[in-house]
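By convention in this document, chain letters (A, B, ...) are assigned in the order of the sequence lines, proteins followed by strands, and residues within each chain are numbered from 1.
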There are 2 protein chains.
Amino acid sequence: MHITADTLLNALRSQGMRITDARIQICEEIAERHGEHLTATAISETVDANESTVYRTLEVLEQAGIVEHSHMGHGPAVYHLAEDSDHHHLVCERCGRAEALPAAAYEALVAGITAETGFVPTSRHFALTGLCSRCKAENT
Amino acid sequence: MHITADTLLNALRSQGMRITDARIQICEEIAERHGEHLTATAISETVDANESTVYRTLEVLEQAGIVEHSHMGHGPAVYHLAEDSDHHHLVCERCGRAEALPAAAYEALVAGITAETGFVPTSRHFALTGLCSRCKAENT
DNA sequence: GTTCGTGCAAACGATTTGCATTACT
DNA sequence: AGTAATGCAAATCGTTTGCACGAAC
């Protein structure tokens, strides 16, 4: 079952943060659209809260370890639940769409690196740019 | 031997672009400081050219395939010679040291991604954070 | 009642753009 | 001469911040 807005709100509550209308809506939005790449602007357009409030709330949620953000090429930062598995992204340099890096491929990479160098990757998000299959096909 | 400013300028010339004072200085700067991560602002501070000229020139050089840029977290984009960019790094989050990502591991990753998703990674510069073997050992 | 959270507008850093002037070819 | 490149200032985009007001505790 997916994470609910209440889970997020309880996490805030347990950190002594106040529960407000804006935070409720923002948490609902994040919970409902988990797995998506949400920008602060996108959230502020959907919920009844000022953009700066969205930024501040996202910052709070991030400090609480609930959400994370990453910078993908140009454009705004994208936020997602920290618990979502797809922290690793493939970003198309042509159309800008992002897809998840297959978990198997990532695990193989980590295993290979550790075996060869002893280095243990811990990064929770990174992005690899390239051409998605669709743009690749269009690209004569 | 390192690439020279003339090489860069010739590349521009061969694309029908004009050679100007600003471009000469910018190319010299890039050639001299190759291997470094240069921001547009840093370049404009060193050479006698407006910041927007630097951006425009970098854009031209990028379209010519001579330089590339990447976004590292927050902060400005960094530019470097395309030929310098075939580096994938493992950056230790504890000691800050960077080591090279084994080519075999990277190639396996690319192959795995393409096989599973059709996505073709083209980025030749990305970094994975984690713990290096040394810090891992120290880490109780 | 005391903080904390909010909206608003303004400040901000990085980058882009419109336009008149300058200079390469 | 003709057109591309420049400088400058203003515009833009994403994000942060200062401040006075309203709301959660």
Side-chain angles (χ1 to χ4, degrees), chain A residues 5-6 8-30 37-64 66-80 91 93 96 98 127, chain B residues 5-6 8-29 37-64 66-80:
Chain A
D6 277 349
L8 304 185
L9 291 169
N10 281 331
L12 288 183
R13 229 183 305 260
S14 71
Q15 311 237 331
M17 321 246 61
R18 294 181 182 173
I19 305 306
T20 66
D21 238 48
R23 288 184 176 168
I24 292 171
Q25 289 187 54
I26 292 169
C27 286
E28 282 172 351
E29 187 71 6
I30 293 173
H37 293 136
L38 296 171
T39 65
T41 306
I43 295 174
S44 79
E45 280 167 357
T46 327
V47 310
D48 186 25
N50 189 277
E51 206 164 352
S52 41
T53 299
V54 173
Y55 275 108
R56 283 189 274 232
T57 300
L58 287 171
E59 193 186 348
V60 162
L61 289 169
E62 194 153 19
Q63 278 165 11
I66 303 172
V67 307
E68 289 175 354
H69 79 277
S70 25
H71 300 269
M72 320 216 302
H74 298 258
V78 295
Y79 292 80
H80 48 70
V91 182
E93 64 193 13
Chain B
D6 277 348
L8 305 185
L9 291 169
N10 281 332
L12 289 183
R13 230 185 302 260
S14 73
Q15 312 237 329
M17 322 247 59
R18 294 182 181 175
I19 305 307
T20 66
D21 237 47
R23 289 185 176 166
I24 292 171
Q25 289 188 56
I26 292 169
C27 286
E28 282 173 352
E29 187 70 5
H37 288 146
L38 296 170
T39 65
T41 305
I43 294 174
S44 78
E45 280 166 357
T46 327
V47 309
D48 185 25
N50 189 276
E51 206 162 351
S52 42
T53 299
V54 172
Y55 275 108
R56 283 189 275 231
T57 300
L58 286 171
E59 193 187 348
V60 162
L61 288 169
E62 194 153 20
Q63 278 166 8
I66 303 174
V67 307
E68 289 175 352
H69 80 277
S70 25
H71 300 269
M72 323 228 299
H74 298 259
V78 295
Y79 292 79
H80 48 71

Starting from the first five and the last five pairs of the helix from C:dG1-D:dC25 to C:dA14-D:dT12, work out the angle between the resulting helix axes, to 10 degrees.
20°

Write down the distance between CD1 (B:I26) and C1' (D:dA5), rounded to a whole number of angstrom.
11 Å

Among residues 38-45 of chain A, which residues get a heavy atom nearer than 4.0 Å to DNA chain C?
none

Measure across A:A11 and A:S14 and return the closest heavy-atom pair with its distance rounded to 0.1 Å.
O-OG, 2.7 Å

Closest heavy-atom pair and its distance - A:S44, A:T41
OG-O, 3.0 Å

Considering only D:dT15, D:dT6, C:dT15, which nucleotide approaches the side chain of B:P76 most closely?
C:dT15

Using whole Å, what does the distance between atom C1' of nucleotide C:dT15 and atom NE2 of B:H69 come to?
11 Å

Rounding to a whole Å, what distance do you find between A:I24:CD1 and D:dA24:C1'?
11 Å

To the nearest Å, how far apart are B:H71 NE2 and D:dT15 C1'?
16 Å

Without decimals, in angstroms, what is the distance between B:M17 CE and C:dA23 P?
19 Å

Rounded distance [0.5 Å steps], CD1 in B:I19 versus CZ in B:R13
4.5 Å

Looking only at heavy atoms, what is the nearest atom pair of B:V47 and B:I26, with distance?
CG2-CG1, 4.0 Å

Protein and nucleotides 16-22 of chain D: nitrogen or oxygen contacts under 3.5 angstrom:
from: D:dG18; atom 1: O6; to: A:R56; atom 2: NH1; distance (Å): 3.3

Measure across B:N50 and B:S52 and return the closest heavy-atom pair with its distance rounded to 0.1 Å.
OD1-OG, 2.6 Å

Could you pull out all residues at least two apart from B:A64 that satisfy side-chain contact (heavy atoms from CB on, under 4.5 Å)?
B:Q15, B:I66

One should read off an interatomic distance between A:L12 CG and A:Q63 CD, to the nearest 0.5 angstrom, of 11.0 Å

Can you tell me how far P of D:dT6 sits from CG of B:D21, to the nearest Å?
10 Å

Give the table of side-chain donor-acceptor pairs shorter than 3.5 Å for residues 53-61 of chain A, with sequence neighbours excluded, one pair per line with atom names and distance.
from: A:T57; atom 1: OG1; to: A:T53; atom 2: O; distance (Å): 2.8

Measure from CG on B:N50 to C1' on D:dA10 and round the result to the nearest Å.
13 Å

Tightest non-hydrogen contact, residues A:A49 and A:A22, listed as CB-CB, 3.9 Å

What is the separation between atom CZ on A:R13 and atom P on C:dC4, rounded to the nearest whole Å?
18 Å

Qualifying salt bridge (charged side-chain N to carboxylate O under 4.0 Å, His left out) pairs, either residue in residues 21-30 of chain A, two or more places apart:
A:E29-A:R33

Output yes when at least one side-chain N/O atom of A:T20 is less than 4.0 Å from OP1 or OP2 of C:dT6, else no.
yes

Return the CG to NE2 distance between A:L38 and A:H69, rounded to the nearest 0.5 Å.
14.0 Å

